[in-house]
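Have a look at the structure below, then the notes.
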There are 2 protein chains.
Amino acid sequence: MAAVSTATATTAPLAGLSIAEAAERTGLTTDTLRYYEKDGLLLRAVGRSSSGHRRYTEADLRWIGLLSRLRATGMPIRDVRRYADLVRAGSGTEADRLELLRAHRRVVLDQLAEVTEHLGAIDQKIGIYEDVVARQEAEVARA
Amino acid sequence: MAAVSTATATTAPLAGLSIAEAAERTGLTTDTLRYYEKDGLLLRAVGRSSSGHRRYTEADLRWIGLLSRLRATGMPIRDVRRYADLVRAGSGTEADRLELLRAHRRVVLDQLAEVTEHLGAIDQKIGIYEDVVARQEAEVARA
DNA sequence: GCTTGACCTGGAGTGGGCTCCAGGCGCGAG
DNA sequence: CTCGCGCCTGGAGCCCACTCCAGGTCAAGC
């Protein structure tokens with residue numbers, strides 16, 4: 001059982017990115033990364049360097065990428081956690097994961113439709129103000 | 001200066017809707033209606049019946065409708081208040097109102113684009129799970 | 001006259017999602 | 001050896017947008 005040693009040379013970063021680098025890559029803050037981890041949103045506890053600092057692997061970053069997309073489309077944290085739980089539980093949960101994602105998809109599509117409709121109404125209002133302002137400018141020009 | 005009297009018969013509601021009716025019509029709660037009013041989101045304090053109960057006019061409801069659309073598209077309350085302030089300030093503020101709405105429009109369009117992009121990625125994930133689950137079901141059928 | 005129900009007020013409480021902080025540690029540079 | 005830096009932890013704090021009281025008023029029905 002050889003421990004953490006891959007006999008490479010000098011300053012090769014032994015494994016993965018620091019939390020600051022992960023933050024930059026994911027667009028999250030270091031605080032948020034720690035918070036997500038503590039809250040069970042990651043698939044497993046992020047690895048640590050010998051000094052106890054977190055080291056993010058590419059797999060970690062890919063997962064965080066997906067989770068960011070879920071969050072950015074409005075999935076509540078508790079649902080993301082449920083999804084993570086399912087993935088963590090391994091095979092046999094695929095149907096549940098699929099259903100969770102499909103349910104989310106429906107919610108997002110509904111939201112998109114709703115927002116688009118509201119935006120249409122707001123656009124009308126904008127059109128009205130454009131007329132008003134144009135007329136005012138014409139008025140000023142005439143003066 | 002005749003006061004509140006439009007000599008109609010029996011149970012004609014003297015003016016406007018009760019807060020409960022307004023809530024039903026707008027899809028907000030009575031608490032939220034009071035909260036919005038207290039927070040300066042309405043154009044003017046809602047009228048009162050002789051007993052001090054709020055009476056919502058159609059104009060009130062129209063304004064609340066617009067404000068709900070702004071909120072439903074993610075405009076923060078402080079911006080809605082700024083917009084209400086501009087409307088309240090009367091003519092001369094049209095250009096500012098227009099710019100505020102246009103700025104909001106840009107934000108909403110950006111959001112829509114972003115969410116749509118994320119949804120595309122999530123759809124891919126869904127596709128993958130559909131395959132996995134279909135294959136599992138085929139497996140079960142074979143057994 | 002008493003009860004009931006809708007509404008009133010000011011203010012406290014809640015839930016979600018971070019964000020910030022104090023105090024501490026390990027490591028490379030000077 | 002001593003800095004300074006990046007990171008660590010647990011826990012407090014914050015912002016937003018409501019939501020929920022408690023205690024009170026008023027009008028109508030019995």
Side-chain angles (χ1 to χ4, degrees), chain A residues 4 9-42 45-56 60 64 67-84 104 107 111, chain B residues 4 9-42 45-56 60 64 67-84 104 107 111:
Chain A
V4 201
T10 45
T11 335
L14 286 184
L17 289 71
S18 72
I19 193 167
E21 290 162 338
E24 178 144 11
R25 284 268 301 263
T26 59
L28 303 176
T29 66
T30 57
D31 276 316
T32 301
L33 283 171
R34 289 194 203 95
Y35 164 63
Y36 282 177
E37 183 178 347
K38 217 190 305 189
D39 227 47
L41 270 54
L42 303 193
V46 173
R48 300 297 176 117
S49 70
S50 57
S51 56
H53 291 193
R54 288 175 179 77
R55 290 294 148 193
Y56 292 82
D60 290 332
I64 294 167
L67 111 68
S68 295
R69 286 188 191 278
L70 295 175
R71 290 288 306 118
T73 49
M75 183 183 284
I77 280 186
R78 89 186 76 88
D79 291 2
V80 178
R81 185 166 43 232
R82 233 173 59 71
Y83 183 66
H104 180 56
V107 170
Q111 269 172 204
Chain B
V4 201
T10 45
T11 336
L14 285 185
L17 290 70
S18 72
I19 193 167
E21 291 163 337
E24 179 144 10
R25 285 267 302 261
T26 58
L28 303 175
T29 67
T30 58
D31 275 317
T32 301
L33 283 171
R34 289 194 203 94
Y35 163 63
Y36 281 178
E37 183 177 347
K38 217 191 305 190
D39 226 48
L41 268 54
L42 304 194
V46 173
R48 300 298 175 116
S49 70
S50 58
S51 56
H53 291 194
R54 288 175 178 78
R55 291 294 148 192
Y56 291 81
D60 289 333
I64 293 167
L67 109 67
S68 295
R69 287 189 190 278
L70 294 175
R71 290 287 306 119
T73 48
M75 184 183 283
I77 281 187
R78 89 187 76 88
D79 290 2
V80 179
R81 185 166 44 233
R82 234 175 55 73
Y83 183 65
H104 180 56
V107 169
Q111 270 172 201

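Numbered from 1 within each chain, the chains take letters A, B, ... in sequence-line order.
- Among the heavy atoms of the strands lying under 4.0 Å from A:S18 are primed sugar atoms or P, OP1, OP2 only; no base atom is included.
- For the OP1/OP2 pair of D:dC7 and a distance below 4.0 Å, the side-chain nitrogens and oxygens of A:R54 include no atom meeting the criterion.
- We find that CG of B:D31 is positioned 14 Å from P of D:dA22, with the value rounded to whole Å.
- Rounded to an integer number of Å, the gap from CG of A:L33 to C1' of D:dT9 is 16 Å.
- One interatomic measurement links the two molecules: CZ of A:R34 to C1' of C:dC20, which rounds to 11 Å at whole-angstrom precision.
- Neither side chain, B:H53 nor B:S18, offers a donor N or O lying under 3.5 Å from an acceptor on the other.
- Taking CZ of B:R71 as the start and OG1 of B:T32 as the end, the distance is 10.0 Å to the nearest 0.5 Å.
- Side-chain proximity of A:H53 to C:dA6, D:dC8, D:dG11: nearest is D:dC8.
- OP1 or OP2 of D:dC7 has not a single side-chain nitrogen or oxygen of A:S51 nearer than 4.0 Å.
- None of A:V80, A:T73, A:L28 except one satisfies the side-chain contact (heavy atoms from CB on, under 4.5 Å) rule with A:S68; the exception is A:L28.
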Candidate pair A:D79 and A:R82, rule salt bridge (charged side-chain N to carboxylate O under 4.0 Å, His left out), full reasoning: CA-CA 5 Å; A:D79 291 2; A:R82 233 173 59 71; 5.1 Å; no
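- Across the protein-nucleic acid pair, B:E37 atom CD and D:dT19 atom C1' stand 17 Å apart, rounded to whole Å.
- Going from atom CG of B:D39 over to atom P of C:dG11 covers 15 Å, rounded to whole Å.
- Going from atom NZ of A:K38 over to atom P of D:dT9 covers 8 Å, rounded to whole Å.
- With A:L42 as the partner, the side-chain contact (heavy atoms from CB on, under 4.5 Å) test is satisfied by one option alone out of A:L67, A:D60, A:L33: A:L67.
- We find that CD1 of B:I19 is positioned 16 Å from C1' of D:dT25, with the value rounded to whole Å.
- A straight line from CG of B:L28 to P of D:dA17 spans 14 Å, rounded to a whole angstrom.
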Atom pairs under 3.5 Å: protein N/O with N/O of nucleotides 13-17 of chain C:
| from | atom 1 | to | atom 2 | distance (Å) |
| --- | --- | --- | --- | --- |
| C:dG16 | OP1 | A:R78 | NH2 | 2.9 |
| C:dG17 | OP2 | A:I77 | N | 3.4 |

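- Under the ring-ring contact (aromatic ring centres under 6.0 Å, His included) criterion, A:Y36 pairs with no residue, sequence neighbours left out.
- Contact annotation: A:R48 reaches the phosphate of D:dT9 (side-chain N/O to OP1 or OP2, under 4.0 Å).
- Note that OG1 of B:T30 and CZ of B:R54 are 9.5 Å apart. Values are rounded to the nearest 0.5 Å.
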